[in-house]
Structure formats: C-alpha cells, structure tokens
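Every number for a ligand or one of its atoms is a count from 1 in the order of the listing. Computed from a predicted model, the values in this text were never measured in an experiment.
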Amino acid sequence: MRQFAGAVALCMVILSGLSCQSEEEIKRERYITEGILVYKNNCANCHQNKGEGLAALYPPIAGSDFLADKNAVICLIRYGQQGPIFVNGKPYNRVMPAQPQLSNLEVAELATYIYNEWGRETKVTDVKTVAPILEKCKK
Ligand code: HEC
C-alpha cells in the first residue's frame, strides 16, 4: 500500500513537471508566432524576410554579432538607432527610425522571435524582462 502511494506521488511529481515545461513551450511558440507578424509588418521592409539585410543599406539580423548585446537590441527596436555601427565587421551608417507604436509585449515578442530564429536561443524574452530595460533607455 505504502509503495502504491509512493508510486502515485512520484507520478504526480513527474506529471506536474511535464505540464510546467509545456506551458513554457506554449508561451514560447505564442511569442514567436506573434513576433513573426510584428517583424513582417515593421522590420522586414528593411531587414528582409529572412533577416539577411539589404546590401550596404540595412544590416543583417540573421547571424549578426550585434545580437550579443540584447539590451541594446531591445532599446533600438523601440527607440531606433543612428550613427556609425559595425555588424559582422561591416560598417553601416544610416538611420533606423524609432518605432514608438510597438508595445512592450510586441518588443518582447520580436526579441523572442529574433533570438530563437537567429540568436540560438530556445527561450522566451518575457515582457516582464523587457519593460525595465525599455524604461531605462527611454528617450
Ligand atoms: C527604415 C529601415 C529600417 C526598419 C523599418 C528597421 N530597421 Fe533595424 N536597422 C536599420 C538600419 C539602417 C540599421 C543600422 C543603423 C545605423 O547605421 O546606425 C538598423 C539596425 C538594426 C539592428 C542592429 C544591427 C544588426 O543588424 O544586428 C537590429 C537588431 C535591428 N535594426 C532590428 C530591427 C527590428 C527588429 C526592426 C523592426 C521593429 C527594425 N530593425 C526596423 C534600418 C531599419
């Protein structure tokens, strides 16, 4: 009897563990799906659908070494970027317009999409993580 109870308890631990994991997975998929749409509507014009960029005009996001600084990426999505920068050793010096219409959630969805698709991450960049970062670099 005691053994049986033990087995049931163990099962419950395993099951609840599994359901936790899949909730996180569902959230990641939701963020990515939304992120793709936000990207297509606000970013793909310049950076192109596959994030490959456009010649010397718009830098690539796919494989970009700039992704190493995630806070900077989060900030430039909302507030834009100008002045000379290097991406994978190539110089760019144009204006990326600010996108103040993007909500904190949309910035988080974009960051999740970008880092899962092009930055080798397999996790959510949560809206709760993004909010204080945006607050700090507010312009
Ligand atoms: C009007 C064109 C344009 C749009 C729209 C645009 N960008 Fe940019 N983006 C640029 C330019 C130009 C730069 C380089 C700015 C510079 O030279 O300082 C840049 C730089 C970047 C960088 C840093 C460098 C790199 O390539 O890794 C990231 C990341 C980025 N943009 C992401 C986005 C995202 C996400 C969106 C959509 C919310 C977006 N951009 C919309 C033109 C654009």
So, 4.0 Å and heavy atoms of Asp65: is ligand 1 close enough to count as a contact? no
Under 4.0 Å, counting heavy atoms only: does Ile61 come that close to any atom of ligand 1? yes
Going through the distances and angles, do Gln99 and Ile77 end up as a side chain to side chain contact (heavy atoms under 4.5 Å, CB included)? CA-CA 7 Å; Gln99 314 243 16; Ile77 290 175; 5.6 Å; no
Quick check: does Cys46 have an N/O/S atom under 2.8 Å of atom 8 (Fe) of ligand 1? no
Looking only at non-hydrogen atoms, which of [options] approaches [atom] most closely?
| atom | options | value |
| --- | --- | --- |
| atom 13 (C) of ligand 1 | Pro59, Ala68, Gly83 | Pro59 |
| atom 42 (C) of ligand 1 | Phe66, Tyr58, Tyr92, Tyr113 | Tyr58 |
| atom 26 (O) of ligand 1 | Gly63, Pro60, Ser64 | Pro60 |
| atom 20 (C) of ligand 1 | Gln99, Lys40, Gln82, Met96 | Met96 |
| atom 7 (N) of ligand 1 | His47, Gln81, Arg94 | His47 |

How far is atom 37 (C) of ligand 1 from its nearest protein heavy atom, and which residue and atom is that? Cys43 SG, 1.8 Å
May I ask you to decide if [Y]'s main-chain N or O and [X]'s side chain share a donor-acceptor pair within less than 3.5 Å?
| X | Y | result |
| --- | --- | --- |
| Glu121 | Gly119 | no |
| Thr112 | Ile32 | no |
| Tyr31 | Val127 | yes |
| Asn71 | Ile133 | no |
| Asn93 | Ile85 | no |
| Tyr58 | Met96 | no |

For Leu134 and Cys75, which heavy atoms make the closest approach, and how far apart are they? CD2-CA, 4.4 Å
Just which atoms of ligand 1 are under 4.0 Å from any heavy atom in [X]?
| X | result |
| --- | --- |
| Pro97 | 1 (C) |
| Val87 | 24 (C), 25 (C) |
| Ile114 | 35 (C) |
| Leu110 | 38 (C) |
| Asn93 | 17 (O) |
| Asn42 | 5 (C), 37 (C), 41 (C) |
| Leu76 | 21 (C), 22 (C), 23 (C), 28 (C), 30 (C), 31 (N), 32 (C) |

Is the shortest side-chain N to carboxylate O distance from Glu25 to Arg28 below 4.0 Å? yes
Looking only at the side chains, is there a donor atom on one of Asn42 and Gln101 sitting less than 3.5 Å from an acceptor on the other? yes
